[in-house]
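Heads up: the structure comes next, in structure tokens.
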Amino acid sequence: MDILDSEGAKRFAPATLRNREAIAENLARELPEKGTVLEVASGSGEHAVFFAERFPQLTWQPSDPASDALASIASWSEGYAGDNLHAAIYLDAAAPADWLIGHADAIVCINMVHISPWGATVGLFKGASELLSSHGPLILYGPYFEPDVQPAASNLDFDMSLRQRNSDWGVRNTADVEKVAGHHGFALSAHHEMPANNLMLVYRRV
């Protein structure tokens, strides 16, 4: 859960400090050498600032549908000295027809799929199919269940807690994600095991 600062705008997501280095290491393998990266569901904005600094050759475009998240992203961005971090835009993954961006060379989505209705994942792939350049990756990060893989106890507990909070949430099965990906012309191109029983899944056009 995010923590607000004393002024109430800037949010702190404790997991960001724990996962950002591992995520950046694998992003370096998957992101293009140049171009625009759309980050869907940027949340607090901490990742956006960190990755913009880590990848100065790329333009980083944060986004989120929540007004408090957009305010937090703006607050974090104020302290960034580079020129490759754009102002956050409103973007609801479940409504790809309304995305306020015309092109992206990569899309990154961290910790959204399990904390959103399934329609957001479907919309994410639909939007990516219309937005991404031909070789651009759609990169997902978070906890997932996998067919024929014994789930970690922590992920089972997390899944239960998510569904108790909102019946439309939950840790998703990679097989279901891949079906949606295939429907929109994507296939899994890379599968990175990450710390704390998370995965990075990379999809590219078939």
Flag the pair Phe50 / Trp60 as yes when their ring centroid distance falls below 6.0 Å, and as no otherwise. no

Would you say Tyr203's side chain and Phe125's backbone share a donor-acceptor pair under 3.5 angstrom? no

Residues, nucleotides or ligands: over 12 heavy atoms within 6.0 Å of His103 NE2: yes

Is the side chain of Asp105 donor-acceptor paired with the backbone N or O of Thr36 at a distance under 3.5 Å, no angle test? yes

Shared hydrophobic cluster, Leu140 / Leu188 (ILVMFWY, side-chain heavy atoms < 4.5 Å): yes

Do Asn19 and Tyr141 come close enough that some side-chain heavy atom pair is under 4.5 Å? yes

Any chain of hydrophobic side-chain contacts (each under 4.5 Å) joining Val37 to Val40? no

Nearest heavy-atom contact between Ala87 and Gln61 is O-NE2, 2.8 Å

If I take atom OG1 from residue Thr16 and atom CD from residue Glu21, how far apart are they, to the nearest 0.5 angstrom? 12.0 Å

Do Val171 and Trp169 belong together in a cluster built from hydrophobic side chains that touch within less than 4.5 Å? yes

Minimum-distance pair of heavy atoms, taken over all atoms of Gly142 and Asn111: CA-OD1, 3.5 Å

Pair Asp176, Trp118 - check side-chain contact (heavy atoms from CB on, under 4.5 Å), show working. CA-CA 10 Å; Asp176 295 328; Trp118 182 241; 4.0 Å; yes

Going through the distances and angles, do His191 and Leu201 end up as a side-chain contact (heavy atoms from CB on, under 4.5 Å)? CA-CA 5 Å; His191 172 287; Leu201 305 175; 3.7 Å; yes

Under the side-chain contact (heavy atoms from CB on, under 4.5 Å) criterion, do Phe186 and Leu132 qualify, and how do the steps go? CA-CA 11 Å; Phe186 290 88; Leu132 280 175; 3.9 Å; yes

Any donor and acceptor pair, going by atom type alone, linking the side chain of Asp159 with main-chain N or O of Gly170 inside 3.5 Å? no

Can you tell if the side chain of Val113 reaches within under 4.5 Å of the side chain of Tyr144, non-hydrogen atoms only? yes

Applying a strict under-4.5 Å side-chain criterion to I, L, V, M, F, W and Y, I'd like to know whether Leu131 and Val180 cluster together. yes

Going from CG on Leu27 to CD1 on Ile110, what distance comes out if it is rounded to the nearest 0.5 angstrom? 6.5 Å

Linking I/L/V/M/F/W/Y whenever their side-chain heavy atoms sit closer than 4.5 Å, directly or via other members, would Val122 and Ile107 fall into one cluster? yes

Roughly how far apart are His47 NE2 and Arg54 CZ, rounded to 0.5 Å? 11.0 Å

Residue pair Leu85 / Pro62, side-chain heavy-atom distance below 4.5 Å: yes

Find out whether Glu30 and His192 are in side-chain contact, i.e. whether some heavy atom of one side chain is under 4.5 Å from a heavy atom of the other. yes

Is the number of heavy atoms from other residues, nucleotides or ligands within 6.0 Å of CD (Glu178) greater than 12? yes

When you compare the side chain of Phe51 with that of Ile23, does any pair of heavy atoms fall below 4.5 Å? yes

Please report the shortest heavy-atom distance between Asn84 and Ala52, naming the atom on each side. ND2-O, 2.9 Å

Measure the CG-OG distance between Asn166 and Ser161 for me, rounded to the nearest 0.5 Å. 11.5 Å

To the nearest 0.5 Å, what is the distance between CG on Leu138 and OG on Ser129? 10.0 Å

If you count heavy atoms of other groups shown closer than 6.0 angstrom to CG of Asp83, is the number above 12? no

Ile139 and side-chain contact (heavy atoms from CB on, under 4.5 Å): which partner among Glu39, Arg204, Met200? Met200

Kindly indicate, with the supporting measurements, whether the criterion side-chain contact (heavy atoms from CB on, under 4.5 Å) is fulfilled by Met112 and Leu124. CA-CA 10 Å; Met112 181 203 80; Leu124 177 65; 4.3 Å; yes

Quick one: are His114 and Phe158 in side-chain contact, heavy atoms under 4.5 Å? yes

Where Pro32 and Leu58 come nearest, the two heavy atoms and their spacing: O-CD2, 3.5 Å

Which atoms form the tightest heavy-atom contact between Asp64 and Ala66, and what is the distance? OD1-N, 3.0 Å

Shortest non-hydrogen contact from Ala93 toward Pro96: O-CD, 3.7 Å

Kindly say whether Val202 contributes a backbone atom to a donor-acceptor pair with the side chain of Ser189 at under 3.5 angstrom? yes

Is it the case that the side chain of Ser75 and the backbone of Ala9 share a donor-acceptor pair, with hydrogens and angles ignored and the cut-off at 3.5 Å? no

Can you check whether Pro195's main-chain N or O pairs, donor with acceptor, with Asn198's side chain at less than 3.5 Å? yes

Do Leu199 and Phe145 have side-chain heavy atoms sitting under 4.5 Å apart? no

Distance col, row Thr59:OG1 vs Gln57:CD, nearest 0.5 angstrom, shows 9.5 Å

Within a strict 4.5 Å, meaning less than it, do heavy atoms of the Pro143 and Asn197 side chains meet? no

